[in-house]
Amino acid sequence: MQSKGNNYSKSDLHSFLGNHHSRNAVIQNQLSQGKEGGICCEDRPNIYCHGKNHKDAASVRATHPIPAACGIYYFEVKIVSKGRDGYMGIGLSAQGVNMNRLPGWDKHSYGYHGDDGHSFCSSGTGQPYGPTFTTGDVIGCCVNLINNTCFYTKNGISLGVAFTDLPPNLYPTVGLQTPGEIVDANFGQQPFVFDIEDYMSEWRAKIHGMIARFPIGERLGEWQAVLQNMVSTYLVHHGYCATATAFARATETLIQEDQTSIKNRQRIQKLVLAGRVGEAIEATQQLYPGLLEHNSNLLFMLKCRQFVEMVNGTDSEVRCFSVRSPKSQDSYPGSPSLSPRHGATNPHLHSAGADSPTCSNGVTPPNKNKSHNKYPGVSSASSSSSSSPSSVNYSESNSTDSTKSQPHSGTSNQETRCVASDSEMEIEAEHYTNGVAENSSTRIMNGTYKHQEILQAEDGSLGNGVAEDSCASRQLCGGNQAATERMIQFGRELQGLNEQLCREYGKNATHKKMLQDAFSLLAYSDPWNCPVGQQLDPMQRENICSALNSAILESQNLPKQPPLMLAVGQATECVQLMARVRSGSCSFARVDSFLH
Amino acid sequence: TKCVHLPPEVTATSRHYVDRLFDPDPQKVLQGVIDMKNAVIGNNKQKANLIVLGAVPRLLYLLQQGSSSSELRAECAVVLGSLAMGTENNIKSLVDCHIIPALLQGLLCPDLIFIEACLRCLRTVFISPVTPVQLLYTDPTVIPHLMSLLSRSQRTQEYITQIFSHCCKTPEHQTVLFNHGAIQNIAPLLISPSYKVRMQALKCFSVLAYENTQVSMTLVNVLVDEELLSQVFVRMMQRDQPIDMQLTAAKCLTYMCRAGAIRTDDSCIVLKTLPCLVRMCSKERLLEERVEGAETLAYLMEPDVELQRIASVTDHLVAMLADYFKYPSSVSAITDIKRVRHWTLLIEPSQQHTTLHTTLDHDLKHAHELRQAAFKLYASLGSNDEDIRKKITETENMMDRIVSGLSESSVKVRLAAVRCLHSLSRSVQQLRTSFHDHAVWKPLMKLLQNAPDEVLVMASSTLCNLLLEFSPSKEPILESGVIELLCSLTQSDSPALRVNGIWALMNMAFQADQKVKGEIVRALGTEQLFRLLSDPDSNVLMKTLGLLRNLLSTRPHIDQVMSSHGKQIMQAVTLILEGEHSIEVKEQTLCILANIADGNTAKELIMTNDDILQKIKYYMAHSNVKLQLAATFCISNLIWNEEDGSQERQDKLRELGFVDILHKLTQASDPNLCDRAKTAMQQYLA
């Protein structure tokens, strides 16, 4: 008895099988895990039997055990010939089970036998189970790793559960006994006779339903509080200050961090996401003295990014060269590279007023120096000038109300919206993220990747970043000679910083690579279309942005990750753990399918 | 109408609502209707009060008034719809006020909001069991108008299809809907974005296709968005679809299959519909789903042994059905009662005061429903295949369950139990073993004493099988005095009962002793026997002839019967041979003659009857071999050598020309006939 692929012709098989010593053969197929619940194998095992009595019985089994994480496992065996007596067994066995016997007869072995239709559950005596099977029948064996049961199918019809409480790590097994018995195994390389997809869809729906309707019983109030806290902390973490405040008011909860702190972080994040890393670094240094000094890795990463943004033409150090008057945002006469609404659309601006003391379009770094202490003052000034009781929202609203005409109606609208419901809150989030990157950051946290289209849509309308304005006008450092010189100078400083860090902390391969990649941009005439051009993608700002945000939070003794993200991460980790401990349901419980 | 006493304080507020409907200011009337709407929502008492105080005619008046604003008319329809949501009595009152024609008239208005309100109310009225569905068909313009409204909105689609599926109760209704294009109009709704619309459209098709070949044949060719309807139904049966949808789609395919529109070996039946229905029988399903699933499955496979074989091995169905008898169990009691409550609320939204008492009633009803469904399915499963019958009888306590089912209070359960028993009684092995071991004849006999006709038909048919000569139950049944009962059945108006009665007597007389035969003849009476010989039902005639033939077996019996009833029997035989009857009937009659010819003294009744002899001669030369054989057999018996007077008979028959015929028949192509003729010829030669 032997099993082999198709490469033996019938006569080959006979002569080959004449050699009766080569029992215990293992199906010579490449088993590899395919999609969820399925197993594919390269070639078709065709198993032929040459035995005479029960002593001649022999089984073949697959090279790999059934992976628990597949949830539902299925294979079919076609009876090509029942041979002399049709003593055939189809089933499962653990490693180490005697292969000179039909599956089901021994411990940790399970089988459905063709001659009597009985099921054998680790026992020499079978239980009446299903019909007998013979030449031409297709017998399927399905292992459900969610509830550890097994059922068989005959010609596409389910015969009902045969075994329960199955142990893990079973191998698909086929045993034959009398001469001339031939079977073909199908591990999914051909369509199955039984509609296994349909069966899987039922379990997928079951498990999703189980998760969606998980009973929380008496703890309803408790859950409510937890959920509110999660939403609130998420909003705070990402600096959605107004929404967070409105949410806290509506749900009568407290926000741990104070308003100013949230706004500061928000401002820094927006700077990074807008590609104005230089300003972000300065703001961080002013607002959180010592933070970057104690975190040289982060500082280096930021500086590298700043260099990239200089190439991009977005960093203020190079941008100032292309803008004649940093304060006259409303009257850019003809700079093609800048949107006329530049000032208004700068997301970090606190007020729509062009002459706001912060003037934090931040075009000129010196202007920024005084800003640190003034932010709280600014917000109050702004609120008084707008005479809106809900002026805490202004930072979000400014982008919506770029025309300055209706700053407060926008504000109040947002408020009502965010109180209304979760879904509407999302709308709001999109609303005030006209600032390019913020929207992206919202999105990435939700685990969806739609930046490209969002960015493109916004680029068109807002033209916030120079680089994104249009492909045609994309030039190194915005095409300005002085800016280019400044960039090169900055590059040297960066190199110096790297050397300094090397001296202090030893060599750092990551830094080296980062630096190399950044400098490589200069080697190409069109950095946006070069092998390292991906660095210029605004999406790349998100990682450094969240690293900086987390570092700030950590320095304030606040959690560096919002609990919501922790929960998502934990759920993901749980599912992976379930896979490791062989819980079959994990294959149908995907965190992604619950994130919208 | 009933006199209802209402507490004065209740009527006072309610009366105020009604009074406001008569305000001369239309604006105030509108506000009054709106306030009334808010007052009645969910308040059954208020609804009853308003109806008693005469709000309905006034609302209908306002609704029909052309001068009413469309807003007022719509609000009136909404209030009426709300009143209809109350108790069955509310519905009756509304129908008595002629709400249906008024609302149907309202559908002619162009205002969509008003139409939707009318349809919603009509829907609520029509789905109530107390509303006569015929009211939908009284005006012939209604159905076409409803069809045209299907395109207006998802709401009109939902309400109209729901009305159709509840009002399609007879083949005539099916035809009316079919002729007005129901299929073409409703088919596109199966892919509606609204689940409710899809579901109601699907239900429509299930009632339209039920036992209707015309509809079913049309359905198989319908395309929905370039997809065959049967494939749409198959998709709706997918396991992740809602159970209600799976079950209803399976019903549609079942009905199409039974109507002959889909072959029973089509993969959509074998691999989809059948497994889906088996899943509906599983313990995980709700009680009513299990009942419907089992009944539909029984219906699907009733005529097809292959489907029965497949179902018998699918998902342990036979064992799964045993669970149907375990309700209500102590373990499941609480959850099941909850389920029943839920169900109660579903079917009767008005019945909010579900007391424990009614819950128990429902509990009991469900237990009955489950048992009868299981019996039906067992009956269908075991109707052809011996192995399946064996499997069924070997299911735990099965025979005990049938036996106790036969004497249950519910007629439905008794009928289903006896159907199941009948199906199993077709097995020789079961008759010999389990039927005898469990003395099933006892409850069966009891059932026969006093039961509705449909139960009697099945029970007597089962009895026929129990009276077969190899059945060990035959003896005790005989002793229980069954003959009188069977004889009375032969006098029934129902042909099925007459057949079963005489059939049972025929089986009983087979190889019976003289005493039993005498009793049969005595109890039946010759008059009744001969009346049965002229029965318009050919099955009755056949079985009566069979009885005669069994009575006329073994020589002493033949002579005895013929000596007492010879004249009438010969008369009857002559009549049948002369009449317009099937070959089978004539063959059976000739066989009786052959039996008579085998008697000692009875022979003479033939020999002295030239008319009969001529007839025998005629049939010996008939074109049908079976008749020739039977007639030859008769002659062969008459001329048999070893008996007294054989020489005279041989001579007489030779004179009549029988030898020539026999001689010819020895050349016959049929070997049996040829042999028979040769044997007969040898009698002359000896």
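The chains referred to below are lettered A, B, ... by the order of the sequence lines, with proteins before strands, and numbering in each begins at 1.
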Legend entry - Interface moiety of A/Phe151 toward chain B, non-hydrogen atoms closer than 4.5 Å: neither
Inset, instruction - Using a cut-off of under 4.5 Å on heavy-atom pairs, state which of A/Gly130, A/Gly117, A/Ser158, A/Gly156 scores highest against chain B. - result: A/Ser158
Legend entry - Contact summary for B/His316 and A/Val161, nearest pair of heavy atoms: NE2-O, 2.8 Å
Legend entry - CG-CG distance between A/Leu159 and B/Leu317, expressed to the nearest 0.5 angstrom: 12.0 Å
Inset, instruction - Give the minimum heavy-atom separation between B/Pro275 and A/Ile157, together with the two atoms involved. - result: CG-CD1, 4.2 Å
Inset, instruction - Please indicate whether A/Lys206 has more than 12 foreign heavy atoms, meaning atoms of other residues, nucleotides or ligands, lying under 6.0 Å from its NZ. - result: yes
Legend entry - Minimal non-hydrogen separation, A/Gly160 against B/Asp315, with atom names: N-OD1, 3.1 Å
Inset, instruction - Using atom types as modelled and distance alone, determine if a side-chain donor or acceptor of A/Asp198 lies under 3.5 Å from a backbone N or O of B/Arg239. - result: yes
Legend entry - Pairwise distance CG(A/Asp195) to NZ(B/Lys272) - rounded to 0.5 angstrom: 3.5 Å
Inset, instruction - Below 4.5 Å from any heavy atom of chain B, which atoms of A/Lys154 appear? Answer side chain, backbone, both or neither. - result: neither
Inset, instruction - Would you mind checking which part of A/Asn155 comes under 4.5 Å of any heavy atom in chain B, side chain (CB onward), backbone (N, CA, C, O), both or neither? - result: backbone
Inset, instruction - Assess whether atom CD of A/Gln127 is packed by more than 12 heavy atoms of other residues, nucleotides or ligands within 6.0 Å. - result: no
Legend entry - Region of A/Tyr129 in contact with chain B, defined by heavy-atom distances below 4.5 Å: both
Inset, instruction - Enter the distance from A/Glu202:CD to B/Gln241:CD here, rounded to the nearest 0.5 Å. - result: 12.0 Å
